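Below is one structure, written out as structure tokens; the observations come after it.
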Amino acid sequence: MSIKLEHVNYIYSPGTAYEIHALKDICLELKDGEFVGLIGHTGSGKSTLVQHLNGLVKATEGRIYFHGEDIYGADYDMRRLRSKVGLVFQYPEHQLFEVDVLSDVCFGPKNQGLSAEEAQERAKAALAMVGLGEEFYYQSPFELSGGQKRRAAIAGVLAMEPEILVLDEPTAGLDPKGRDEILNQIQKLHQEKGISIVLVSHSMEDVARYVQRIIVMNQGEVLFDDVPREVFCHYKELEQVGLAAPQVTYILHALREKGFFVDENATTIEEARDTILDALRSGRQA
Amino acid sequence: MIRDITLGQYYPANSILHKLDPRVKLLATLTFIAALFVAKGWPGYLAATIFLVVIIRLSRVPFSFMVRGLKAIVMILMITVVFNLFLTPGDKILVQVWKLKITDVGLRTAIFMAIRLTYLIVGSSVMTLTTTPNDLTDGLERLMGPLKKLHVPVHEVSMMMSIALRFIPILLEETDKIMKAQIARGADFENGNLIQKAKNLVPLLVPLFISAFRRANDLAMAMEARCYHGGEGRTKMKPLIYARRDYAAYGVVICFLAVIIALRVVL
Ligand SMILES: Nc1ncnc2c1ncn2[C@@H]1O[C@H](COP(=O)(O)OP(=O)(O)OP(=O)(O)O)[C@@H](O)[C@H]1O
Ligand SMILES: [Mg+2]
């Protein structure tokens with residue numbers, strides 16, 4: 001048991017003409033070591049939700065428990081929570097500010113009270129994790145390419161060694177190669193370090209390949225919360241809320257309709273390939 | 001917290017005030033402010049109060065929004081009141097504590113000063129709450145039109161103003177976002193002494209400035225790409241044209257001013 005949300009509601013600018021009910025009665029539990037995908041159409045409340053996980057915004061209503069402790073309790077240490085739950089914002093490169101990459105990444109660990117040397121060690125390790133080598137340490141963060149900036153910013157959060165890493169659309173605006181590299185690195189972190197990951201995304205394709213569980217949000221509510229193949233079964237409903245299942249789901253369903261015995265619940269391209277090949281072989285034998 | 005600044009914040013509603021021509025609202029606000037300084041004695045202020053209450057009613061903006069702008073000037077208000085209260089000489093001394101004395105004239109001045117300032121802020125809030133920033137600068141540009149003859153770059157100034165106004169909410173939002181992102185990295189914007197606090201602002205200000213410059217640059221580029229070349233020969237998508245209700249509003253405002261002047265002369 002690691003993070004538990006109970007009946008969380010959040011309203012932006014309550015009592016004004018601009019009132020927006022961004023989260024409606026969210027109940028969730030994120031377990032240790034999970035790799036969760038959080039998906040939803042633009043404006044469905046994903047970013048709002050993840051900002052609750054480390055206490056940056058306080059729920060208008062409801063409770064959140066981290067390791068069983070109420071984070072809205074009177075003497076709860078929010079700063080400790082924030083170093084346990086690392087949050088990488090949408091477009092994190094906009095928060096870089098230091099003169100060089102290494103000092104920027106050191107910002108988090110230093111705020112945790114580590115000495116300069118310890119902070120540097122953590123920073124170097126974090127930069128290695130995101131694939132930025134020594135040649136970048138003393139470059140200005142503003143002179144990096146978009147993808148490199150993104151990595152430096154992610155490293156800035158990783159250097160705090162969080163137990164849970166929450167990434168808000170880490171691949172927005174990156175090319176396919178940059179996207180795959182970052183997602184692969186995140187997967188490696190999950191597998192090697194056992195960090196829990198919450199990956200916010202628009203793209204089912206991205207998420208299907210990596211996550212163990214998908215939470216689909218729609219207009220501030222949780223629509224589905226299940227393993228990918230179960231969620232993709234509802235591909236018609238997903239379309240209604242402005243999302244889509246991975247393309248393989250559509251191909252497999254179409255093949256199925258044509259009478260091929262494929263497993264339409266395959267979620268990745270590899271699985272789809274296997275089941276199509278199987279179906280073709282067995283078809284030939286029959 | 002950051003969003004508490006009402007001045008320059010539009011409140012969408014469907015009221016007669018929202019529909020009025022911005023020029024009317026600008027001139028009416030100026031007139032109202034002038035009237036506040038012309039008014040003298042209780043009757044004058046009573047007239048101003050009635051006028052203001054009716055206007056607020058008509059605007060359909062919740063009253064809590066109107067007074068939100070007052071928060072920003074509470075300090076100034078207090079200081080003005082205190083100075084007027086204690087430092088105005090007068091005939092009758094009401095209270096005397098050590099060297100500080102409150103006189104009848106002082107009390108009156110202090111109360112009227114407080115009312116004036118409050119009405120001034122609330123009155124201008126009514127205008128900014130019912131007029132979009134774009135309309136406001138449009139109106140200003142038209143009203144300042146004659147200054148073009150004196151080679152005052154009216155269009156450029158109003159364009160700069162509307163851009164600045166447009167950027168305020170964007171920059172506030174950006175500040176909020178960057179602040180949160182740095183807090184997530186353990187930054188602390190609340191504790192510490194003044195010097196530490198100032199130092200702690202660096203992680204906020206550097207990205208904020210960079211983003212402001214980036215946005216300004218993008219905007220300039222976008223304007224140039226659409227062949228923007230200043231006010232010469234530029235037409236409006238929604239030109240300002242007076243409707244009947246605008247003339248009626250002018251009439252009401254003139255009546256109000258007349259009442260205030262009459263009250264002052266007669267009493
Ligand atoms: N700072 C804010 N003030 C007021 N309303 C906000 C604010 N941030 C978000 N909202 C509103 O809350 C709702 C949820 O927004 P949120 O940013 O959580 O969506 P999202 O799922 O992250 O969308 P996207 O995929 O575009 O990032 C939206 O309707 C949005 O307009
Ligand atoms: Mg978002």
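These numbers were taken from a predicted model, which means no experiment stands behind them.
Contact of the A:V85 side chain with the A:F66 side chain is registered, since non-hydrogen atoms from C-beta on lie closer than 4.5 Å.
For B:P62, no part lies under 4.5 angstrom from a heavy atom of chain A. With a 4.5 angstrom heavy-atom cutoff, A:Q51 touches chain B only via side-chain atoms. No part of A:V88 comes within reach of chain B, as not one of its non-hydrogen atoms sits under 4.5 angstrom from that chain. Using a 4.5 Å cut-off between heavy atoms, A:F142 touches chain B through its side chain atoms alone. The contact between B:I183 and chain A is made by backbone and side chain atoms together, counting heavy-atom distances below 4.5 Å.
With a 6.0 Å radius and a threshold of 12 heavy atoms from other residues, nucleotides or ligands, B:Y228 has its OH atom above the threshold. Within 6.0 Å of the CZ atom in B:R57, the count of heavy atoms belonging to other residues, nucleotides or ligands does not exceed 12. More than 12 heavy atoms of other residues, nucleotides or ligands lie within 6.0 Å of CD in A:Q90, so this atom counts as buried by the packing criterion.
Proximity of the aromatic rings of A:Y91 and A:F89 is defined here by a centroid distance below 6.0 angstrom, and this criterion is not met.
Taking chain B as the reference chain and counting heavy-atom pairs below 4.5 Å, the highest number among A:N54, A:L56, A:L87, A:L81 is found for A:L56. If you tally non-hydrogen atom pairs under 4.5 Å between each of A:A159, A:G108, A:P162 and chain B, the highest count goes to A:G108. Interface remark: of the candidates B:P207, B:P12, B:P203, B:A187, B:P203 forms the most heavy-atom pairs closer than 4.5 Å to chain A.
Judged purely by atom type and a 3.5 angstrom limit, B:Q182 uses its side chain to pair as donor or acceptor with the backbone of A:Q95.
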